Participant: 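Handing you a structure now.
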Amino acid sequence: MLPSVSRCTRPICLSVARPLAHLRPPMDPDPSRPVETTIRTKLTEKFKPDHLEVHNESHMHAVPPGSESHFRVLVVSSQFVGLPLIQRHRRVNEALKEELSSCVHALAIQAKTPEQWGVDPALGKSPSCMGGSKNDRTVEEKLKAGRE
Amino acid sequence: MNSLIRSTARCMRSGAAVCLLRPADGLVRAASARFLCAAADLQKDLGEMVKKDKVVVFMKGTPAQPMCGFSNAVVQILRMHGVDQYVSYNVLEDQELREGVKVFSNWPTVPQVYFNGEFVGGCDILLQMHQNGDLVDELKKLGIRSALLDAEKESK
């Protein structure tokens with residue numbers, strides 16, 4: 001009974017919070033979300049972004065509640081001007097190299113120039129999980145690394 | 001002696017940097033060297049694997065039964081363009097392959113897509129290429145006519 005109640009309440013919270021997100025001041029580091037905070041810090045330092053969104057999508061996957069294993073990031077930076085997509089993504093991967101080799105199992109990336117963001121200011125949507133993380137030993141190890 | 005040999009084999013298969021044995025130093029060094037050799041062989045094999053077909057995909061699961069939403073997205077996008085025949089490798093079946101392809105591509109996640117032996121990217125990049133029309137052009141360079149062109153033609 002309880003697990004199904006928690007699944008029901010979470011989407012409602014997100015749909016209320018999201019429209020107001022751009023009105024909130026920049027988020028202070030949240031000690032309960034160390035990986036998300038680190039990702040935000042590293043991407044800010046590296047790309048000096050015009051706009052940055054870091055979303056923990058772990059709840060959409062077959063991992064325990066409170067995990068920080070699956071993320072979606074949107075980085076809008078003039079550093080991407082003239083760079084093909086693959087190079088942009090490689091730079092983001094490089095910035096988060098440590099997290100990707102330890103606790104982060106999946107990273108969805110949108111890397112846009114300010115002009116591209118101006119034309120299409122939309123966050124992408126991750127596909128539904130197909131349970132790949134369930135019974136995946138390497139994901140268990142990554143979750144453990146994140147907690148330590 | 002038999003348990004020593006079995007443990008060594010497990011160490012090499014898992015690719016663990018730390019050997020669980022405490023035998024004489026000579027055996028540990030030999031096991032590490034064999035592990036490095038196996039890893040180097042895989043990198044060499046991957047160089048050939050990515051050229052096996054015009055489109056090669058490293059994914060979780062198979063095109064018929066993807067085991068990950070991002071891998072499924074790659075399969076679906078290719079299918080929309082009429083690309084149903086390609087070589088795919090299920091990394092969930094082979095942990096060494098799973099880690100090896102990340103080193104080979106210098107790319108931390110799966111799925112990974114190769115066109116004519118060249119790394120294209122993961123799910124995000126393929127999706128954006130599909131959305132902005134680049135995928136039709138890239139497939140054309142491979143000698144593959146996207147099914148979307150025919151669909152577009154029919155609708156006119």
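These figures come from a predicted structure and were not determined experimentally. Below, read A as the first sequence line, B as the second, and so on, with proteins coming before strands; counting in each chain starts at 1.
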Participant: With chain B as the partner, which of Ala108(A), Ser128(A), Pro84(A) has the greatest number of non-hydrogen pairs under 4.5 Å?
Facilitator: Ala108(A)
Participant: If we define contacts as heavy-atom pairs under 4.5 Å, which of Gly61(B), Gly69(B), Cys123(B), Ser71(B) has the most with chain A?
Facilitator: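 Among the listed options, the one with the most contacts to chain A is Gly69(B).
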Participant: Return the CZ to NE2 distance between Phe70(B) and His70(A), rounded to the nearest 0.5 Å.
Facilitator: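 Between Phe70(B) CZ and His70(A) NE2, I get 7.0 Å after rounding to 0.5 Å.
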Participant: Quick check: is Phe58(B) connected to Val103(B) through a chain of hydrophobic side chains (ILVMFWY, heavy atoms under 4.5 Å apart)?
Facilitator: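 No, Val103(B) does not connect to Phe58(B) through the hydrophobic network.
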Participant: Are more than 12 heavy atoms from other residues, nucleotides or ligands located less than 6.0 Å from atom CD of Gln116(A)?
Facilitator: yes
Participant: Is there a path of hydrophobic side-chain contacts, each under 4.5 Å between heavy atoms of I/L/V/M/F/W/Y residues, joining Leu96(A) to Leu52(A)?
Facilitator: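 As far as the 4.5 Å side-chain criterion goes, Leu96(A) and Leu52(A) are connected within one cluster.
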Participant: Do Val87(B) and Leu97(B) sit in one hydrophobic cluster, given that two such residues count as connected whenever their side-chain heavy atoms are within less than 4.5 Å of each other, even indirectly?
Facilitator: yes
Participant: Do Lys112(A) and Gln128(B) touch side chain to side chain, with heavy atoms closer than 4.5 Å?
Facilitator: no
Participant: Identify which part of Val110(B) has an atom lying under 4.5 Å from any heavy atom of chain A, answering side chain, backbone, both or neither.
Facilitator: neither
Participant: For atom CD of Glu118(B), decide whether the heavy atoms of other residues, nucleotides or ligands shown that lie under 6.0 angstrom number more than 12.
Facilitator: no
Participant: Got Ile86(A) and Ile125(B) here, is their nearest side-chain heavy-atom distance under 4.5 Å?
Facilitator: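 In contact.
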Participant: When you look at CZ of Arg90(A), are more than 12 heavy atoms from neighbouring residues, nucleotides or ligands closer to it than 6.0 Å?
Facilitator: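 Atom CZ in Arg90(A) is crowded, with more than 12 foreign heavy atoms closer than 6.0 Å.
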Participant: Please round to the nearest 0.5 Å and tell me the distance separating atom CG of Leu127(B) and atom OG of Ser126(A).
Facilitator: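 Leu127(B) CG to Ser126(A) OG: 10.0 Å, rounded to 0.5 Å.
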Participant: Between Arg88(A) and chain B, which part of the residue has a heavy atom less than 4.5 Å away: side chain, backbone, both or neither?
Facilitator: neither
Participant: Does any heavy atom of chain A fall under 4.5 Å from the side chain of Asn106(B), the backbone, both, or neither of them?
Facilitator: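 Contact with chain A is through both the backbone and side chain of Asn106(B).
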Participant: Kindly give the heavy-atom pair with the smallest separation between Ala73(B) and Pro127(A), and that separation in Å.
Facilitator: CB-CG, 4.4 Å
Participant: Just wondering, are more than 12 heavy atoms of other shown residues or ligands nearer than 6.0 Å to CD in Gln131(B)?
Facilitator: yes
Participant: Quick check: are there more than 12 heavy atoms from other residues, nucleotides or ligands sitting under 6.0 Å from CD of Gln76(B)?
Facilitator: yes
Participant: Do His105(A) and Thr109(B) have side-chain heavy atoms sitting under 4.5 Å apart?
Facilitator: no
